[in-house]
Each structure stands twice: as structure tokens, then as C-alpha cells.
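We use all heavy atoms of the structure for the numbers below, so side chains are in, but hydrogens, waters and symmetry mates are not. To find a chain, count down the sequence lines: A is the first, B the second, and so on, and within it residues start at 1.
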Amino acid sequence: MSDDALNAGAAFRVRPYLLTGGRTRSVVDLPIEALVRSTPMGHRALENLSHERRDIVSLCAEPQSVAEISARLNIHLQVARVLVGDLVQAEQVAIHTASTDTTTRRPDLQLLEKVLDGLQAL
Amino acid sequence: MSNPIPVKIVVAGGFAVGKTTFVTSISDIDPLTTEAAMTKVSEGVDNLGDALGKKSTTVAMDFGRVALSEELILYLFGTPGQDRFHFMWDELVRGAIGACVVVDTSRVEDCFAAVDYMERSGVPFIVAINAFDGMLRHHPEDVREALDIPAHVPVVVTDCRHRAAVRDTLVALVRHAMMMAHQPA
């Protein structure tokens, strides 16, 4: 990463969290790779949503990760997470995550086998 | 309409070692960049007031996306290179299948931090030596010795610019993760 990439955010030191009313934490636990998909309720509410929330619901007609929402809408990861959390609570988007092993908290064997099959077919 | 499931692999290593090239070689999309504010947020600040007045930096992470099937999407996240961004690594390795630590044999020492981090975090990882056009300056076992890699951790040779080589590296990691899942360390 270049220094330019590092400095690019400097002008937005405070502003990102204006979008979230100052909140820096999401109401739901959202891994960076969690897939977000808008719900029929979200689509119906589209016209009444504020800009960023509307953008997220529109973008997630096709499932997108939290990281993609942040990248494509050019908002900080933490901000994307707070906004998505709000939309989850309002049932305007749904979240899909991997099935994990209860002890390791990592993808379970069954899922790993599917990943292996998928990679080998590439 | 079925719901796709996301999985994640971390691509770590020293600064400018080829992590983004690795991701680009296999990603379905041009790699994207997500930026995270490096405030004390990760330590539990829960209102704007606490974040004000603190010097904050932005850390950028490149990532790619590979559709493995209609219901399985693999995300590949490159770690930010500098040590001071290790707070972000915690987030990246959480729930990850595992990590590939990319090594440039001309500067093996650059990946010490990544190897050390992965060992301590307990995430399954492999070491992938980036050989440009098959040029390997050091034997993999020499690299293992130099980096003090435990015997159970695979050390493989890859070429970050070639899709097939990257795929094989990911296959090696997933196999290793499966073995670790059978016999947790």
C-alpha cells in the first residue's frame, strides 16, 4: 500500500461517523466477509431510505460482502458495518455467513470439502 | 433462489511481496480496496466524542472474490503490510479458512512478522514462496529453516502471477486446514 493510500482518508477524520449518528459499532456482529442481500421489505422501503442506506439496499440486490459494500460505496468499513447493522434490524437486508465449527470458529469440514471441490474445478 | 455462503482466506506477507498480484491472478473481479479507520474504535470506543481529537489513519486492504459455485463465494484478503496495522489482522483471520504467507526469497526476513502472527493466532497457514518464472533462489527447506517453520506447516512454491499456481497454493492451504480440523493443534 502506498503512502497516498494511507493519507487518502485524512480529510475524513471525523466525517465518516456523521452517517451513523456518531456510532462506531454495529448492532449485529458482522464479519468482513458476511454476505448482505436485500430483502423484499428492503426493496419496498427503498424510496424512503436515506442515501447510503438506499445505496446499500440497491447494491445488495445481488449478495455483496460487507467489504464490497465499503469498497463500492466508498465508505469506511466500520461505517458500512453500522449501516448494514441498522438495515438488518429493520429487516431490509439479510445476512449470510458460513457454518463454523463450534470450537475453532472456522469453517467446518463439510464446508472445507466444498471449498476444495470448488477450487479444484477452477 | 439459494443463499450463497462466504468463506475467506487471508493472504499475508511483507510489504510489496506480491499479495495483491496473488489475489488479482485468481479473482473474478478487479481487486477492490476497503478502507478502515485506524482509531481506537477496535478497543471499544462507542461514541464519536471519544474518537474526536485522536489522530486517526486509514488502513487500506485489497481483496478479491472468486465464485466457487453458485452457493459458495471465496474472498481473498491481502493483509496490510506494516506491523502497526496488526489490529486489522485480528479481524481478517477471525473465521478464516486459513492464511497463505507469501515469501519473497530475496527478502525472507520481511515475512517474519506474518509467520509469527499466524503461529500465535492458531489459524491454519502455509508458506508460499513466490518464484518468478520458476526462478527459485532458495530451496523450500532452506526457507523453512530460515523462518523456523514447524514441520507440520506446508512450505510450497508458487507464482503469484499465474492463476494455476495460485489455485494450487489455495488447494494446499485448504487441505492443510482440513487436516488441522481433523487434528486440532
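Between A:R105 and B:R94 the shortest side-chain heavy-atom distance does not fall below 4.5 Å. Side-chain contact between B:I5 and A:H96 is absent, with no heavy-atom pair separated by less than 4.5 Å. Side-chain contact between B:I29 and A:E68 is present, with heavy atoms from C-beta onward closer than 4.5 Å. Residues B:L68 and A:L119 have side chains in contact (heavy-atom distance under 4.5 Å, counting atoms from C-beta outward).
More than 12 heavy atoms of other residues, nucleotides or ligands sit less than 6.0 Å from atom CD of A:Q120. Within a 6.0 Å sphere centred on CG of A:D117, other residues, nucleotides and ligands contribute more than 12 heavy atoms. Atom CD of A:E47 has 12 or fewer neighbouring heavy atoms from other residues, nucleotides or ligands inside a 6.0 Å radius. Heavy-atom neighbours of B:D28 CG from other residues, nucleotides or ligands within 6.0 Å: above the threshold of 12.
Put simply, of A:A34, A:A121, A:A98, the one with the most heavy-atom pairs under 4.5 Å next to chain B is A:A98. Options A:D101, A:L111, A:D108 differ in how many heavy-atom pairs under 4.5 Å they form with chain B, and the most are formed by A:L111.
Of the two parts of A:Q110, neither the backbone nor the side chain holds a non-hydrogen atom closer than 4.5 Å to a non-hydrogen atom of chain B. Heavy-atom distances place the side chain of B:L72, and not its backbone, under 4.5 Å from chain A. Heavy atoms of B:A67 lying under 4.5 Å from chain A belong exclusively to its backbone. Looking at A:A80, neither its backbone nor its side chain comes within 4.5 Å of chain B, counting heavy atoms on both sides. The parts of A:S65 that come within reach of chain B are both its backbone and its side chain, each placing non-hydrogen atoms under 4.5 angstrom from that chain. Contacts between B:T33 and chain A at a heavy-atom distance below 4.5 Å involve the backbone alone (N, CA, C, O).
Under the 4.5 Å side-chain contact rule for hydrophobic residues, B:V23 and B:V127 do not share a cluster. Linking ILVMFWY side-chain heavy atoms closer than 4.5 Å, directly or via other members, places A:V79 and A:V36 in a single hydrophobic cluster. Residues B:F125 and A:L109 are members of separate hydrophobic clusters, defined by side-chain heavy-atom contacts under 4.5 angstrom among Ile, Leu, Val, Met, Phe, Trp and Tyr. There is a path of hydrophobic side-chain contacts, each under 4.5 Å, that joins B:I97 to B:V66. B:V11 and A:L116 end up in the same hydrophobic cluster when Ile, Leu, Val, Met, Phe, Trp and Tyr side chains are linked at under 4.5 Å.
The two atoms that bring B:F77 and A:E33 nearest to each other are CE1-CB, 4.4 Å, heavy atoms only. Between A:A67 and B:T34 the shortest heavy-atom distance is O-CB, 3.9 Å. Considering every non-hydrogen atom in both A:L35 and B:I73, the closest pair reads CD1-CD1, 4.1 Å. Across all non-hydrogen atoms, the minimal contact from A:Q78 to B:A36 is OE1-CA, 3.5 Å. Residues A:L122 and B:R167 approach most closely at O-NH1, 3.0 Å, considering heavy atoms. For the pair B:G95 and A:R106, the tightest heavy-atom approach, listed with the atom from each and the gap, is N-NH1, 3.9 Å.
Here the straight-line distance linking atom CG of A:L112 with atom CG of B:L173 works out to 9.0 Å at 0.5 Å rounding. Within the model, atoms CZ of B:F63 and CD1 of A:I32 stand 7.5 Å from one another, a figure rounded to the nearest 0.5 Å.
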